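Right, one structure below, let's go through it.
By convention in this document, chain letters (A, B, ...) are assigned in the order of the sequence lines, proteins followed by strands, and residues within each chain are numbered from 1. If you're wondering where the values come from, they're calculated on a predicted model, not measured in any experiment. Computation of the quantities below employed the complete heavy-atom set of this structure, encompassing side-chain atoms and omitting hydrogens, waters and symmetry-equivalent molecules.
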2 protein chains.
Amino acid sequence: MNMPPVTQYTIDEVSRDIGIGKDTLRVWERRYGFPVPGRGPQGERVYSRDQVKRLRIISRLLDRGYRPGKVVSLSDEQLQELALQQQLGQVNFDHPRVGQLLLSAQAGENAQVEPQLRSLYRELGPQRFVTEVAAPLLDMTGRAWAAGQLSIFVEHLVTDHLSRVLHDACHQIQPPEDGPRVLLTTMPGERHGMGLLMVELMLREGGARTVNLGVEMPVDELILACKSLQPEVVALSFSALQKRSLLMAALREISSKLPASVQILVGGEGVSRLRMLPGRVTVVRQLDAIAPVVAALHDRVRH
Amino acid sequence: MNMPPVTQYTIDEVSRDIGIGKDTLRVWERRYGFPVPGRGPQGERVYSRDQVKRLRIISRLLDRGYRPGKVVSLSDEQLQELALQQQLGQVNFDHPRVGQLLLSAQAGENAQVEPQLRSLYRELGPQRFVTEVAAPLLDMTGRAWAAGQLSIFVEHLVTDHLSRVLHDACHQIQPPEDGPRVLLTTMPGERHGMGLLMVELMLREGGARTVNLGVEMPVDELILACKSLQPEVVALSFSALQKRSLLMAALREISSKLPASVQILVGGEGVSRLRMLPGRVTVVRQLDAIAPVVAALHDRVRH
DNA sequence: TATACCAGTTTGTCCTAGACAAATGTAATT
DNA sequence: AATTACATTTGTCTAGGACAAACTGGTATA
């Protein structure tokens, strides 16, 4: 018979891979009739490869603003069509060479990617590199992956190359002794650190002395870090999938525990619709909106 | 009364912060009588700051090999005593300058760390840098953190600096055209990528053409990556806390799906006690055991 | 001395089905 | 066009039971 090993997934694996809670998977099954997994010998859910694929598509559609009730119970054809629609809106090559880059990464020409990125950086400088190359590249990578056009490993590779180039670029800029000190990090649960790197680069170029603490810093530890490093600003990045209430709670907690002199900067896709924030929280909705903020900081420190 | 804001935590926050599953927290409460949280208006568990602190201590002790039944229900005093014991055994500075490094990171002299690392690298070369600086530094950082002597943010910073230095070092080595191709990655759930970097550096020095896919690569994607990049070797890293059964299952699956010509290399603390592996899986228990493996590879490719 | 095997215990994760608040959508009103 | 009020959707929590995998410790074998 030579059965191909029908690879199967436990609820835990699916939940981690797709980024949807176990409870949510179970309640979708109850409510929308998908995904209904097979069962193992002790009654545990056993998901098929196809179900996982479908879940991945759904997850991306949710990121795009669709609601579970509308998409989870769709037929395969309807879902495909939706996914295709998303694909179409995506052939938007802000910078022609960014598209090229992605294509060559996809073709397995891995060694080409990083040199190309570096040459783009030299050509455009920090500001334009971030807004015209790094951000669109990330965006395109995400979309292409969601549409199933890109394998995960290519996404990993591209992300990795990009983060390395950004890292290096940051380090080549020597901020002035009197620049404002900025701490960068994300809250627990937010594992995307690329936004931080892009922001860090722009801040450095603006003369800030940045310290990137990496992702998922517990609030208490952030407070400790502030005590130790005495920054003028703390910058936080939130991606789209953060819950607003948790976000607000975290911001309030931080705000209440940080010395009053420390300003808080929040950015990322997750903050686009925030209102009613504590006074010293500044929201940065667009990457290029950082420049004026940095300038203001600089002034404030000088005087 | 000027109440200090009695910060309280939901089960979700606690679970993420400490890294213990929600189900586990609930079952500990049932079995060991700790942590018994307060309840919110709808009966949800509400954990106090002290409980979270205690959980953090417990979590460290578990990492050290203690079992929940022994430590979760201890009295505060007994727990403190245990924690103290752990602290004492740990002042073990393998390389004098490594200890120095950690101390200066702790003192907030963040800017010093990376230059020092780079100078150590220049002095020692790849092999010795990895075994005498990188590995001990990581180990010490982990221990110091477990003992509560090091804030998380310092650990993040040190890790970040180290990974950057390793990254750069890798990239400065140009492997020969005929070197064996090696793919490096970890399985889903394994988020520690530092081991990969150390291995990558040593492999590069040994003349291998490495491609680091980063962490948490689903098995299917690894197969795809192999089809696309055609490596002679796939190297996987496992840290201590991986479940053995999952590990074996993953290895078997990979082994069954990869072309027979591809060799599999596994390493990391998680593999120390493995036996009964598929034939082409080679276990590397020590970092310095890689060199001979690389040499063998090289020969194999040449002939 | 080391290793293999066996029974007993510990431990993490999964199960079901119900509940409810926060988020979102829709309609009516200013 | 912006508020307000009401209805629906949606994620996460709860309870206690169940069970396999992992570990412990003892015994027998190479």
- Message: Checking contacts here: which listed nucleotide (C/dC14, D/dT10, C/dT16) is nearest the side-chain heavy atoms of A/Pro68?
- Response: D/dT10
- Query: Closest to the B/Arg31 side chain: D/dG11, C/dC14, C/dT11?
  - Reply: C/dT11
- Check whether any side-chain N or O of A/Gln42 sits under 4.0 Å from OP1 or OP2 of D/dA20, and answer yes or no. yes
- Query: Quick one: A/Leu25 CG to C/dT16 C1', roughly how many Å, whole number?
  - Reply: 16 Å
- If you look at every heavy atom in A/Val215 and A/Gly193, which pair is closest and at what distance? CG1-CA, 3.5 Å
- Message: What is the separation between atom CG on B/Asp23 and atom P on D/dC13, rounded to the nearest whole Å?
- Response: 11 Å
- Query: Quick one: does A/Glu221's side chain have a donor or acceptor within less than 3.5 Å of a partner on B/Ile152's backbone?
  - Reply: yes
- Please state whether the base of D/dA15 and the side chain of B/Arg30 form at least one donor-acceptor pair under 3.5 Å? no
- Of all the heavy-atom pairs spanning B/Phe153 and A/Leu224, show the shortest one and how long it is. CE2-C, 4.1 Å
- Query: Starting at CD1 of B/Ile58 and ending at P of C/dT11, how long is that distance when rounded to a whole Å?
  - Reply: 12 Å
- Query: For the side chain of A/Glu44, counting heavy atoms from C-beta on, which of C/dC15, D/dA18, C/dA17 is nearest?
  - Reply: C/dC15
- Message: Would you say B/Thr24 places a side-chain N or O within less than 4.0 Å of OP1 or OP2 belonging to C/dT11?
- Response: no
- Item | Nearest non-hydrogen partners of B/Thr185 and B/Gly214, listed with the distance | OG1-O, 2.8 Å
- Looking only at side-chain N and O atoms, does A/Lys22 come under 4.0 Å of OP1 or OP2 in C/dC14? yes
- Polar side-chain contact A/Arg67-C/dG25 base: donor and acceptor under 3.5 Å: no
- Query: Between A/Asp50 and A/Arg54, is the closest basic N to carboxylate O distance under 4.0 Å?
  - Reply: no
- 5′-ward residue of the pair A/Lys70/B/Arg45 relative to DNA chain D: A/Lys70
- Message: Using whole Å, what does the distance between atom C1' of nucleotide C/dG25 and atom OH of A/Tyr66 come to?
- Response: 16 Å
- Query: In whole angstroms, how far is the P atom of D/dG11 from the CD1 atom of A/Ile20?
  - Reply: 8 Å
- Message: On the side chain of B/Arg26, is there an atom forming a donor-acceptor pair with the base of C/dG12 - under 3.5 Å, no angle test?
- Response: no
- Message: Just the rounded figure in Å: distance from P of C/dT13 to CD of A/Glu13.
- Response: 13 Å
- Atom-to-atom span, CD of B/Glu29 to C1' of D/dT14 - whole angstrom: 11 Å
- Message: Does D/dT10 have its OP1 or OP2 closer than 4.0 Å to a side-chain nitrogen or oxygen of A/Tyr32?
- Response: yes
- Between A/Arg39 and B/Leu62, who's closer to the 5' end of DNA chain C by nearest nucleotide? B/Leu62
